[in-house]
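Before any comments, here is the structure.
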Amino acid sequence: MEDMQKTYDPKDFEDKIYSKWVEKGCFKAKIDPDKVPFSVMMPPPNVTGQLHIGHAMDETMQDIVVRFKRMQGYSVLWQPGVDHASLATEHKIVEKLRAEGTTKEALGREEFLRRAWAWKEQYGGRIVEQLKKLGSSCDWDRLAFTMDEKCSRAVREAFFRLYEAGLIYRGSRIINWCPDCKTALSDEEVVYSEDAGHFWHFAYPIEGSDEKIVIATTRPETMLGDTAVAVHPDDKRYAHLVGKTILLPLTDRKIPIVADGYVDPEFGTGAVKITPAHDPNDFEVGLRHKLPMIRVMNDDGTINELGGEFAGLDRYEARERVVEAMKTRGLLVKVEAHTHNVGHCHRCNATLEPIVSKQWFVAMRTLAKPAIDAVAKNKTKFTPDRFAKIYYNWLENIRDWCISRQLWWGHRIPVWYCANCGAEIVTPRVDPTVCPHCNCTELTQDEDCLDTWFSSALWPFSTLGWPEETPEFKYFYPTDVLVTGYDIIPFWVMRMMVSGLRYTKKVPFRDVLIHGLVRDEQGRKMSKSLGNGVDPLEVIEKYGADSLRLALISGVAPGNDTRMSAAKIEASRNFINKVWNASRFVLMNVKGTDVPPSLDGLHLQPADRWIISRLMATVREVTLALKKYDLGIAADRIVDFAWNDFCDWYIELSKPVLYGEDQEKKRQTLAVLLFVLETTLKLLHPFAPFVTEEIYGYLPHAKGMIMMQDFPRYDPKLAYREEAKAFEGVIELIKAVRAIKVSVNCPPAKKVRLYLATDAKRLITANKNSILRLAGASDIGFVENGLPAEEKAVSQVTDIAHIFVPLGELVDLEEERVRLNKELERVQGEIARAGSKLSNQNFIAKAPKKLVEDERAKLEKFLVMKKKIEDQLKNL
RNA sequence: GGGGGCAUAGCUCAGUUGGUUAGAGCGCAUGCUUCACAUGCAUGAGGUCACAGGUUCGAGUCCUGUUGUCCCCACCA
């Protein structure tokens, strides 16, 4: 086999490896009765969307979990799919048509849909290809689309069931209307922002009196639809006017003055114009006082024929003209600057109009209850659990969900109306042809579509074939974990919970792993307008997918936002490069040897046992962290082990053996190097799948693909706790010698002689060559009581030895005295701290025994150190 | 108005059920072209864990309050 390339270049192998995984069917989900299923539903990205950094994080997290579980032996389904994204997609197509100089109305429904599907065919594959670049190990053979036959069938069934139960109804209510997209929106789709506006004070004349009542409004044009003015019942200023009639200016209408508790006497003038058809609060007031509703605006935001002379004007032009007209009549009292929260369309950002409109709604209150209970009873668990509170907050305050959209791209509402008797007809599967009430055959289907989230809400089971009891559904449902961002909780998580419990009587997923947003270097949201977005595809191109993945999850706690920067990605790339080079080192040395395939029967040296012990600790911690979805911690542990323990220590410790003469020791060391490398690669695989798979292919005893190997297991036989701890003493010794040399500016290349007063002669002798090499020493001598003063040595006390390094001219005795005194001070501080703890009777009585013992041992240790340092000071 | 987050090294952030001398990356300082890697190695400086109380033998961690900051929801027309 060829050797590994000298430099790490992900472009050499990432695509090749992905193809290989696909070819070998590594991602395929199988119904295997002998295995435990583990299923994850990918949050479907918009079918015509492009991969952005937020997707990249979401996908990476899922892929890590899924690869981990697959290696642990679960039968994994990671279900991929894309969303038709009704409004988003239709918006794009409408824009395109506008550029072509036509409109959807001009094309007609059929032709428009033909174009929409063509658009979907053209761009629908793009995001899927981009997901592959990341290394996503989902079962592409099962790729679903919210508008495919399977999902559409589920939508129809779900609608039917809710309708039958009376939980879907049609009614005229105030909804959020986008005059640009010309559709209703749900409350969740409204984005509020503080906008600068005005507060116009208008005087309304009162019939049969010279008195006028002054109202204040931010939307003057809506006065054309006023049907009352309201004041607070206890407001003495207006008490005499309640029941009187207003001659509404600019119209020929007479409207009453009513008293209603909704009015805040402190705000504005204390008198409110009531426009039931154009304001949610006014709508309520209107119902209470049985006021007429006069809708004065068309769907496109222009004033309709009820607006008299203003008919046909755009809403903003109408606003100006109304103000002008009032001014001319001397009825404009004043204008104030006023900033207020205004709702905008989440898709096109147009200012929304609250409008009375006949729409379809889902009665959410009834449905919310089981969804609240399921989380309260821990049937579904949020990670981190604080998001359960946010979830409750949403569901407890939920209002009915407006599900109809005046769009064509989506699931057409499965309701037919009878031309004869006006009946609503809803059937679960087959389209009705005859009215069951009057036998009339003239039926027309509702023109509108469903909110895109209506189908997304069914995703965990619609993709598995529900309402059919398919084998997939039985095996993989409920799913195990849903991974998504906190911003999607109200849109999706909540609604999947509601639907899942309603239709399947089960929670749709057992865990919900919530992540935050990926922000830019300065903590700002990434946005197109700021141009501060990090393009994941560019990052992959430049650094490789593994670096991107690692950068996206390292140092990130669940649920928290994270910042992305070139520096962070480079740090990840550097680590992967490190792994690459360490692997090269091992393979280079293994080449041409008969390295044993396992550790069985080997006589392990202290350093070997130490690294294996550290490895086992890492395996345990990583496994635990992954189980708890602490992906950032898991990654940090692996990086820390691989870089510090393995590369900086064990590989360096192995060199004197590898370059030495003892062939048997060499074989053993190679076996350990290989074992640790292979185990580390497996641990790292879920995080950095490409590079680990590539390197694994070079390992002499590799079996197939790394992604199909067993995830490393903690083996108590390999824990070697005591030996590892003893060996830490050797490491501490080496570090101390290095520090001594630096402290006197001794060139690193200059070898020094070490003199050690120690009880650990055996351990030190066994590791002599390593100590010499790593500490930069020429020889070790053992002494009883240090060196004579004329030797001019620098000394340091460690756990296993009192070190003396004679450095002759380099040593300044005065400086050495200062250094030792400083050290003495530190040790005395420790003695005082431990001493005060141990003299506290409450500590002795109440703290765990182990802790007390540890504290005693510590005190003992520091007392010995103190003695040695004092002796040395006397000696100087 | 309601809900939630955050405050730890110069910067960005970890810190599992309270328990060694509070960690990492980046940055900084000093020194290293040692045969895997300068995308590197070694050594080091740098923290009253926002503030004030409390619980506890013991608090960065739990409780109460304060301050600052960010987000979500509601929406006084």
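Numbers restart at 1 for each chain; the letters A, B, ... are given by sequence-line order, proteins then strands.
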Can you tell me how far P in B:A14 sits from the matching atom in B:C6, rounded to whole Å?
9 Å
A:I390 has its side chain closest, among B:C37, B:G4, B:A42, to B:G4
* Asked: Does a side-chain heavy-atom distance below 4.5 Å link A:Y8 with A:S547?
  -> yes
Tell me whether the side-chain N/O atoms of A:K568 come closer than 4.0 Å to OP1 or OP2 in B:C13.
no
Indicate, with a heavy-atom threshold strictly under 4.0 Å, whether A:W580 touches base, sugar-phosphate, or nothing.
nothing
As its Watson-Crick or G-U partner within any shown strand, both distances under 3.5 Å, B:G40 has B:C32
Looking only at B:G4, B:A36, B:C57, the nucleotide nearest the A:F585 side chain is B:A36
| message | At 4.0 Å (heavy atoms only), tell me whether A:E570 reaches a base, stays on the sugar-phosphate, or touches nothing. | response | nothing
Atom CZ of A:F491 and atom P of B:C72 are separated, to the nearest Å, by 12 Å
query: Taking atom types as modelled, is there a side-chain donor on A:E570 or A:Y543 under 3.5 Å from an acceptor on the other?
result: yes
Taking only the P atom of each, what is the distance from B:G5 to B:G10 in whole angstrom?
27 Å
Atom CD1 of A:I488 and atom P of B:C73 are separated, to the nearest Å, by 12 Å
Against the side chain of A:H340, the closest entry in B:A36, B:A77, B:U39 is B:A77
- Using atom P of each nucleotide, how far apart are B:U64 and B:G4 to the nearest Å? 11 Å
Contact class for A:K750 (heavy atom, under 4.0 Å): base, sugar-phosphate, or nothing?
nothing
Checklist entry - With sugar-phosphate meaning primed atoms plus P, OP1 and OP2, does A:A582 contact a base, only sugar-phosphate, or nothing at under 4.0 Å between heavy atoms? => result base
- Any donor-acceptor pair under 3.5 Å linking the side chain of A:T339 with the backbone of A:A196? no
Q.
If you count heavy atoms of other groups shown closer than 6.0 angstrom to NZ of A:K858, is the number above 12?
A. yes
Here the distance between atom C1' of B:C72 and atom CG of A:D187, to the nearest Å, is 15 Å
With rounding to the closest Å, how many angstrom separate the C1' atoms on B:U48 and B:A59? 15 Å
Separation of B:U55 atom C1' from A:K846 atom NZ, nearest Å, is 12 Å
C1'-based separation of B:G47 from B:U12 [nearest Å]
16 Å
Checklist entry - Closer than 4.0 Å, any side-chain N/O of A:K861 to the OP1 or OP2 of B:U20? => result no
Using a 4.0 Å heavy-atom cut-off, does A:G555 contact any base of the nucleic acid, only the sugar-phosphate backbone, or nothing at all?
sugar-phosphate
>> Tell me whether the side-chain N/O atoms of A:R563 come closer than 4.0 Å to OP1 or OP2 in B:C13.
In response: yes
Between CD1 of A:I651 and P of B:C41 the distance, given in whole Å, is 11 Å
Next on the checklist: So, does A:N560 get its side chain near the phosphate of B:A14, meaning an N or O under 4.0 Å from OP1 or OP2?
Outcome noted: yes
Taken to the nearest whole Å, CG/A:N745 to P/B:C32 is 10 Å
(Q) Between B:G54 and B:U61, how far apart are the two P atoms, rounded to whole Å? (A) 14 Å
Before you tell me yes or no, could you show the steps for A:Y650 and A:D645 under side chain to side chain donor-acceptor pair (under 3.5 Å), namely the whole-Å CA-CA distance, both residues' side-chain angles and the distance that decides it to 0.1 Å?
CA-CA 6 Å; A:Y650 188 73; A:D645 293 335; over 6 Å; no
| task | Determine whether any donor atom in the side chain of A:E652 lies under 3.5 Å from an acceptor atom in the base of B:A36, or the reverse, and answer yes or no. | result | yes
Check whether the side chains of A:S193 and A:D195 place a donor and an acceptor atom closer than 3.5 Å, and report yes or no. yes
C1' atoms of B:G68 and B:G25, separation to the nearest Å:
27 Å
Original post:
At under 4.0 Å, does any side-chain N or O of A:Y629 touch on OP1 or OP2 of B:U16?
Top reply: no
Of the listed B:A77, B:G25, B:A36, the closest approach to the A:D264 side chain comes from B:A77
**OP:** Have a look at A:F862 and say if it touches a base, only the backbone sugar-phosphate, or nothing, with a 4.0 Å heavy-atom cut-off.
**Re:** base
Need one value for A:Y392: base, sugar-phosphate or nothing, where a base atom within 4.0 Å counts as base even if backbone is also close, heavy atoms only.
nothing
Paired to B:C26 by Watson-Crick or G-U wobble criteria (both distances under 3.5 Å) is B:G10
Among B:G2, B:C57, B:G4, the one nearest any side-chain atom of A:R386 is B:G4
To the nearest angstrom, the CZ-C1' distance between A:R819 and B:G44 comes to 13 Å
Here the distance between atom C1' of B:C37 and atom CZ of A:R573, to the nearest Å, is 12 Å
Among the nucleotides B:C41, B:G4, B:C13, whichever has the atom closest to the side chain of A:K389 is B:G4
Under a 3.5 Å limit on both distances, the Watson-Crick or wobble mate of B:C62 is B:G54
Looking only at side-chain N and O atoms, does A:T618 offer a donor or acceptor that is under 3.5 Å from a partner on A:E621? no
Answer with base, sugar-phosphate or nothing: what part of the nucleic acid does A:P280 contact at a heavy-atom distance below 4.0 Å?
nothing
Item to complete: Could you check whether A:W649 gets within reach of a base, just the sugar-phosphate, or nothing at all, counting any heavy atom under 4.0 Å?
Response: nothing
**Asked** NA contact type, A:V272, heavy-atom cut-off 4.0 Å: base, sugar-phosphate, or nothing?
**Response** base
Note to self: It should be established whether A:W643 places a side-chain nitrogen or oxygen under 4.0 Å from OP1 or OP2 of nucleotide B:A36.
What the structure shows: no
Considering only heavy side-chain atoms of A:P848, the closest of B:G19, B:A36, B:C73 is B:G19
Within the structure, does a side-chain N or O atom of A:N574 lie under 4.0 Å from either OP1 or OP2 of B:G40?
yes
Note to self: Test your reading of the model: is there a side-chain donor-acceptor pair from A:W580 to the backbone of A:Q5, 3.5 Å cut-off?
What the structure shows: yes
inquiry  = Is a donor from one side chain sitting under 3.5 angstrom from an acceptor on the other, for A:S770 and A:K655?
reply    = no
Checking B:U39, B:A77, B:G19 against the side chain of A:T218 (C-beta onward), the nearest is B:A77
Task: A:H198 side chain reached by A:E336 side chain, heavy atoms, under 4.5 Å - done: no
Scan A:R738 against the nucleic acid and name what it touches under 4.0 Å (heavy atoms): base, sugar-phosphate only, or nothing. sugar-phosphate
Of the candidates B:A36, B:G31, B:A77, the side chain of A:P748 sits closest to B:G31
- NA contact type, A:H338, heavy-atom cut-off 4.0 Å: base, sugar-phosphate, or nothing? sugar-phosphate
*Hey, does A:A567 reach any base, or is it just sugar-phosphate, or nothing, if we go heavy atoms under 4.0 Å?*
nothing
Worksheet item: For A:I274, which contact category applies under a 4.0 Å heavy-atom criterion: base, sugar-phosphate, or nothing?
Response: nothing
Taking for A:K273 and for A:Y8 the nucleotide of RNA chain B with the nearest heavy atom, the one nearer the 5' end belongs to A:Y8
Taking B:A77, B:U20, B:A14 as options, the one with an atom nearest any side-chain atom of A:T217 is B:A77
Using the C1' atom on both, measure B:C49 against B:A7 and round to a whole Å. 10 Å
Comparing nearest nucleotides in RNA chain B, the 5'-proximal residue of the pair A:S583, A:V742 is A:S583
